[in-house]
Amino acid sequence: MTSVVVMHWFRKGLRLHDNPGLLQALSLARYGTENDDGKRNAKNGGEGGGVGGRIYPVYVVDPNCYQLLKCSVNRARFLLECVKDLDNSLRERGSRLYVAIGDPVEILPRLWDEWKVTHLTHEADETGEPYAVERDEAIRVAASKAGVEVLACPSETLRPLGNVPGGYVANVGGMAINVPSTMSSFQQLLSRIDRGNIPPPLDAPNEIDFQEGGRDANYDDKYLPLEHPWEIPWPRGYSREEIGPVWNRVDCLDSSLSPIAKGGETIALRRLQLTVTARPDWTASFEKPMTSCTEVSSPSTTALSPYLSLGCLSPRTAWHAVADATKRAQAKTNRSKPPVSLHGQLLWRDFNNLMAHSANIQHPGSWGRMTNPYCREVPWSSDPKLLLAWKGGRTGYPWIDACMAQLRTQGWIHHLGRHSVACFLTRGDLWQSWEVGADHFEGQLLDADYALNSFNWLWLSCSGFFYQYFRCYSPVTFQKKNDPNGNYIRRWVPELANLPAKYIYEPWTANVGILNAAGVRLGANYPRPIVDHAVVSKENMSKMSLAYKEHNDRQAATKNNGRKATPLGSAASQPKKKVKKQTKIV
DNA sequence: CAGATGTTGTCCCT
DNA sequence: AGGGACAACATCTG
C-alpha cells in the first residue's frame, strides 16, 4: 500500500477553524481521498478504515513574504505569536507545527524529499499579490517535478474571488460578468449569489482527526526555531547585534497598552466573543462612521482586523457571529445595514480583495502601484523632508502627529484616524504620492493587508473609487467636536499635554506666555506646522481638478484610438467620457 | 440623458 | 443639532 503523506503549508490562514485546506489535508491523510465537497469535516469525510497516512503542518518564516518584508518589530512579534499559538493548538490535538526559516521554494522540496510527501495543501492566494504569485508558481513547478500533488483552497474571503463555483467572478454560461467597481454594485452582485447567503464556517478538526499521522517522533527535536526567535532575520535593516535587544524590548511591552492584546487564533476567537457575541445590541446597531477615533483606553471598534489579515480569524466565522448576535439583540434595537454595519465591514474587505484580484488580472502586479488600472495619474511631488515629518509625527499638526504616534507605538489606529493622515499626506496637504504612504502603513500596521491597504490609499488620495476631492479633512477641526479637550493628543503627544484645550489642536495660535507655562517651545520640542493647511488644501484642490481634466482628456483620446481590451469588463474597460462640461454661470 | 447616489468634510447659519 | 452652501467628483439607475 502506498502511504499518503500530506504537508499542509500555513502562510496566511493561521487557524484551525474554517480551514478547508487543512481539512482536505486531514481527509487525504486518513482516507487517501479528497473531501468531496470541501464542506464536511475530515472526521465525517469518508467510510471505512484509514490508509495510515501522515500529516505535516508546516510554517516557513520567509523574510521576503508580504507579512515580513517591510514589517516593524510590533508586526513581527504579532506574526510569531500567531505561529506559536497555532503550534500550541496543534499539539493539543496530538500534532504540531514544523517551522523552518528561509525561502519556501528551497525549503519545501527538501522536506518533501525527507518526509516522502505525496500531497501539498495550502490556502489559495487569490489577490495576485506579486511575491505570492511568483512563490506559488515556483512551488507548483517544483511539486510537479517531485510528483507532489498540490491542492490550493480558497478561504481568505466570504466567497472565492475567482472564476470558481460560488465565486464572485464565476463564469455564467460562458459570459464573463462585469466586475463591480462600487460598493453598492458589489453588494448587488453578492445578493445574486445564493440569495446573499454566506456559507457557514467549517469546524476546527479535533484530536481524533489527527489520531493517524499526527506527530513524527523522528522529527520532534527538529524545526523548532521558535524557541530562538532572535535567529529570525527580521526586521530588515536591523543588524544581528540589534535583533536580540529588539526582541527583548518587544517581550517587555505591556500588551494591555495596545488595543491588540496578542496574536493568534485563540485570542482572535476570544476577542470575537467579547466584542460581538457578548454584545448583541452593540453589534446589531453598529455604524462605523459613528464610532470614535479618539478613544484613549481601548478601541471603539472590534479591532479584529489584525486577526483577519493573517487569517487567525475566518471572515465567515466573524460573519455568522455577527448574524447570531444580531438575532439576539432586543427587538427595539436599531439594526444597521451595510455598508456601515459590521457585516458591511466584512463586505468592504471582500470588495477590496476583489478589486485587487481584478486589477492584477488586467495588469499583473499593478494593484499596489500607480499603474493600477483603477488608479488615476496625479502628478504627486516627492519631498523626503515632508515624508519624514509625516512618518515621524513631526508635522506640527497635533491631531496628525498623535495619530502617527499611535501608529508607531501600537501598530493600529482607528479607520478615521487613517483617513486623516492619509488625506493629509496626499491630496489634502503634503501632496506626496499615496504609494509612499501605503508603503509606510504596510510596515507599521499590524493589520497590513495587500488588498485593503492600497484600496484605502487610492480612496483617500482620490486616485480611485472615491473622487470628491473637494471634501477634505481638516487636520484641526475634524476631531475638535468629538474630543474638545484633546485627550487623544495629550496621550500621544505628551509634549503638548499641558496646553489649555483652546490651543491643543493649534498650538501656534497660543502666545508665548501660554506656551511657556505648558512647557511647549515651538520649533524646539514641538514643530511649527510644516504647511499652512488653509493655503495648501486650496491649491491642492486646483491641482486635483487639473489632474482629473487631464485624465478625462486622455480617456477621450484613448476612445478615439479604439477600445483597449480588458478581460473583466470592469469600469476601466468602458472608456467614455465626454469632455468636461463648462460650469454653468447663473 | 437627467437625476440620484456615494461608509464617515467644512463652515456658517439658525 | 440640523440644514444648506460650498463648487461640483464619478458612477449607477431608469
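A, B, ... follow the sequence lines: proteins, then strands. Residue 1 opens every chain.
The six-membered or imidazole ring of A/Phe455 lies near that of A/Phe351, with a centre-to-centre distance under 6.0 Å. A centroid separation of 6.0 Å or more is found between the aromatic rings of A/Trp348 and A/Phe186. Residues A/Phe441 and A/Trp457 place their aromatic rings such that the two centres sit under 6.0 Å apart. The six-membered or imidazole ring of A/Tyr473 lies away from that of A/Phe424, with a centre-to-centre distance of 6.0 Å or more.
Comparing C/dG4 with C/dA8, their C1' atoms are spaced 15 Å from each other, to the whole Å. For the P atom pair drawn from B/dA4 and C/dA5, the interatomic distance equals 15 Å after rounding to whole Å.
When the nucleotides C/dC12, B/dT7, C/dC9 are ranked by their closest atom to the side chain of A/Thr182, C/dC12 comes out on top. For A/Gln188, taking side-chain heavy atoms from C-beta onward, the closest of the listed nucleotides C/dT13, B/dT8, C/dT11 is C/dT13. Of the candidate nucleotides C/dC12, C/dC9, B/dT7, C/dC9 has the atom lying nearest to any side-chain atom of A/Tyr548.
We find that NZ of A/Lys549 is positioned 8 Å from P of C/dC9, with the value rounded to whole Å. Note: CE (A/Met544) to P (C/dA7) measures 18 Å, nearest angstrom. Counting to the nearest Å, the P atom of B/dT7 and the CG atom of A/Leu460 are 14 Å from each other. When rounded to the nearest whole Å, the span between CZ of A/Phe186 and P of B/dT7 equals 13 Å. Rounded to whole angstrom, the span from the CD atom of A/Gln187 across to the P atom of B/dT5 amounts to 15 Å. Counting to the nearest Å, the P atom of B/dA4 and the CE atom of A/Met183 are 24 Å from each other. Protein atom CD of A/Gln468 is 17 Å distant from nucleotide atom P of C/dC6, rounded to whole Å. Remark: C1' of B/dT7 and CD of A/Gln345 are 7 Å apart, rounded to the nearest angstrom.
Other residues, nucleotides and ligands contribute at most 12 non-hydrogen atoms within 6.0 Å of the CD atom of A/Glu377.
The main-chain N or O of A/Ile198 is found under 3.5 Å from a side-chain atom of A/His320 such that the two form a donor-acceptor pair. The closest donor-acceptor contact from the side chain of A/Asp401 to the backbone of A/Gly396 lies under 3.5 Å. Between the side chain of A/Asn453 and the backbone N or O of A/Ala448, no donor-acceptor pair lies under 3.5 Å.
Along DNA chain C, the nucleotide nearest to A/Tyr469 and the one nearest to A/Ser184 differ in position, and the one closer to the 5' end is contacted by A/Tyr469.
The phosphate of C/dA10 has OP1 or OP2 within less than 4.0 Å of a side-chain N or O from A/Asn552. Between A/Ser181 and C/dA10 there is no side-chain N or O to OP1 or OP2 distance below 4.0 Å.
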Check: protein-nucleotides 9-13 of chain B nitrogen or oxygen pairs below 3.5 Å:
residue : atom : partner  : partner atom : Å
B/dG9   : O3'  : A/Cys472 : O            : 3.4
B/dT10  : OP1  : A/Ser474 : N            : 2.4
B/dC11  : OP2  : A/Thr477 : OG1          : 3.1

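The partner of B/dT7 is absent, by the rule that a Watson-Crick or G-U pair needs both atom distances under 3.5 Å. As the counterpart of B/dC1, C/dG14 is assigned, both hydrogen-bonding distances of the Watson-Crick or G-U wobble pattern falling under 3.5 Å.
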